[in-house]
Amino acid sequence: VNAVTVAYTGGVGTATYQWFSNTTNSNTGGSAISGATAATYTPPAATFTTIGNYYYYAEVTLSGSGCGKAVSDVSQVQVVADPIISVPALASQTQCQNAPADNLTVQVTGGLGNISYQWHSNNTNSNIGGTPIAGATNDTYTPSTATVGTQYYYVVVTQDVSGCTVTSAVSTVIVVPAPTFTTQPVSNTVCINGTTPALSIAYTNGTGTPTYQWYSNITNTTIGGTPIANTNNPSYTPPTDVVGTTYYYATVSFSSGGCSLITSNTATITVNPLPTISTQPTALQSICVGGSVNAVTVAYTGGVGTATY
C-alpha cells in the first residue's frame, strides 16, 4: 500500500506525530501504532491478510505553549479479494503442424482496478518461470503450431491496484506432424470372379478420429472418383464380377486437430475373362505307317498368370 502522509500549518514548536489504526471510519478511539511517529507511515503488507477495511489517522502535537494537538482525517485502506479466473483456458489440445490452434481465453472476476494480461510460454508443465510472449496482452491468445512438440501456456493477470494478481493454470498445446501414408493400396490382376487381396492403407502421425472413404474411378487419377458406400475402413475388397480395369483410391479425414485430408495412390484392379482356347490342335492327321506327324499346338486367350500345359 502507498504511504500515508500528514502535514500541518500553524502552531509553534516542535511537532511530534503518532499514527493510529482503527476498526471503524473514525479519527477517535484508535490504537496507537508502535513506532509510527513520523509524518509518513507505510502500513506493512503483512497487515492486510483479511478482506475488509482498515482505517488510519494521525495526531500531530506541537511543543509550543497552548498549541495542543491536531488530528487528521481518516485514511482508508480497502482490501478486496484477489481476482480469480472464473473461466479457465482450454486445458489441452492436440493440433497438426501449421493447423490453426484453438484460442486460449480466460475470464476474470473479482479484484479491483483495470485488468492487464501477459501470456507466457514454458517448456515444462508449470505456470512459473515461463517466457513472456511479446504482444500477448489480451484475454485471448492463439498459440503457434509451426513447430512439432509440446508447449505449455499460462497467463498472469494483474490489476492496477496494489497486490491484485492471479496466474492461470497451464494449457498444454501438443503439435504433431501432418499425417502421411505408410502403406499404399497394391494393384492386382485376376480372372473374373476370382479372389483379389484386399486393398489396404495405413498412415502415421495426425490426430483425431480417422474417417476412411474409398473411391472407384474409370481413369488412373485420384480426382473425380465415385465414392463407394459403406467403406469407412482402412481395407476394401473390390468386386471381380465384371471384366475390365478399375482404379481405386482412399482418403482419410480427421475429426479434430486441423489435419488436412490425405489421399492415397491409385491401385489398378484388372479383371480378365476366363481363359479360352484360341488355337485348337489339328483335329485329324492321316499318315502312312512310319510317316511323320505334324506337331499339335494349342493357344489360349484370357486368364492371368503363368500357364501350365
Side-chain angles (χ1 to χ4, degrees), residues 45 80-184 200-213 222 232-234 250-265:
V80 300
D82 281 331
I84 61 170
I85 294 178
S86 54
V87 179
L90 186 65
S92 180
Q93 58 180 294
T94 302
Q95 302 289 350
C96 267
Q97 188 176 19
N98 295 319
D102 295 328
N103 289 336
L104 304 179
T105 300
V106 295
Q107 291 183 18
V108 177
T109 57
L112 193 66
N114 297 316
I115 298 174
S116 61
Y117 304 86
Q118 178 60 65
W119 289 89
H120 296 69
S121 63
N122 211 345
N123 294 322
T124 59
N125 188 6
S126 172
N127 62 0
I128 299 172
T131 301
I133 302 169
T137 55
N138 295 311
D139 61 350
T140 296
Y141 173 67
T142 304
S144 170
T145 60
T147 302
V148 170
T150 300
Q151 195 70 214
Y152 305 93
Y153 298 92
Y154 63 93
V155 64
V156 177
V157 180
T158 57
Q159 294 172 309
D160 57 6
V161 172
S162 176
C164 291
T165 184
V166 63
T167 300
S168 74
V170 170
S171 293
T172 304
V173 178
I174 302 168
V175 179
V176 298
T180 57
F181 284 104
T182 56
T183 300
Q184 296 279 2
S200 294
I201 57 172
Y203 70 91
T204 187
N205 299 322
T207 184
T209 302
T211 297
Y212 302 89
Q213 178 62 61
T222 58
N232 183 18
N233 195 284
T251 62
V252 185
S253 58
F254 299 87
S255 61
S256 62
C259 300
S260 299
L261 177 143
I262 56 175
T263 302
S264 74
N265 297 336

**Non-hydrogen atoms of Pro177 and Asn205 that approach each other most closely** = O-CB, 3.3 Å
**Message:** Could you check whether any side-chain N or O of Tyr154 sits under 3.5 Å from a backbone N or O of Gly130, counting only pairs where one atom can act as donor and the other as acceptor?
**Reply:** yes
**Message:** Check whether Ser255 reaches the backbone of Thr209 with its side chain - one donor and one acceptor, N or O, closer than 3.5 Å.
**Reply:** yes
**Asked** Distance-only, no hydrogens or angles: does the Gln184 side chain make a donor-acceptor pair with backbone N or O of Ser264 under 3.5 Å?
**Response** no
**Prompt:** Is there a donor-acceptor pair under 3.5 Å between the side chain of Ser171 and the backbone N or O of Leu90?
**Reply:** yes
**Request:** Name all residues meeting the ring-ring contact (aromatic ring centres under 6.0 Å, His included) criterion together with Phe254; count only those two or more places apart in sequence or in a different chain, and write none if there are none.
**Result:** Tyr203
**Prompt:** With no hydrogens and no angle check, is any side-chain donor or acceptor of Gln159 less than 3.5 Å from a backbone partner on Leu112?
**Reply:** yes
**Complete:** Separation between OG1 (Thr172) and CG (Leu104), nearest 0.5 Å, reads 10.0 Å
**Complete:** Sequence neighbours excluded, the answer for ring-ring contact (aromatic ring centres under 6.0 Å, His included) partners of Tyr152 is none
**Complete:** Looking only at heavy atoms, the pair that brings Asn138 and Tyr117 closest together is O-CB, 3.5 Å
**Fill in**
Residues Cys164 and Gly111: closest non-hydrogen pair is SG-CA, 4.5 Å
**Message:** Donor-acceptor check, side chain of Asn122 to backbone of Ile128, threshold 3.5 angstrom: yes or no?
**Reply:** yes
**Request:** Start with the C-alpha distance between Asn232 and Thr211, add both sets of side-chain angles, then the distance that settles side-chain hydrogen bond (donor to acceptor under 3.5 Å, both in side chains), and finish with yes or no.
**Result:** CA-CA 6 Å; Asn232 183 18; Thr211 297; 4.8 Å; no
**Prompt:** Of Thr140, Asp139, Thr142, which is the lone residue that meets side-chain hydrogen bond (donor to acceptor under 3.5 Å, both in side chains) with Asn103?
**Reply:** Thr142
**Message:** For Gly258 versus Gln95, what's the shortest heavy-atom pair and its separation?
**Reply:** N-OE1, 3.7 Å
**Item:** Expected output: side-chain Gln97 to main-chain Ala146 donor-acceptor under 3.5 Å
**Value:** yes
**N/O donor-acceptor pair under 3.5 Å between Thr145 side chain and Asn98 backbone** = yes
**Smallest separation among heavy atoms of Cys96 and Ala178, with atom names** = SG-CA, 4.1 Å
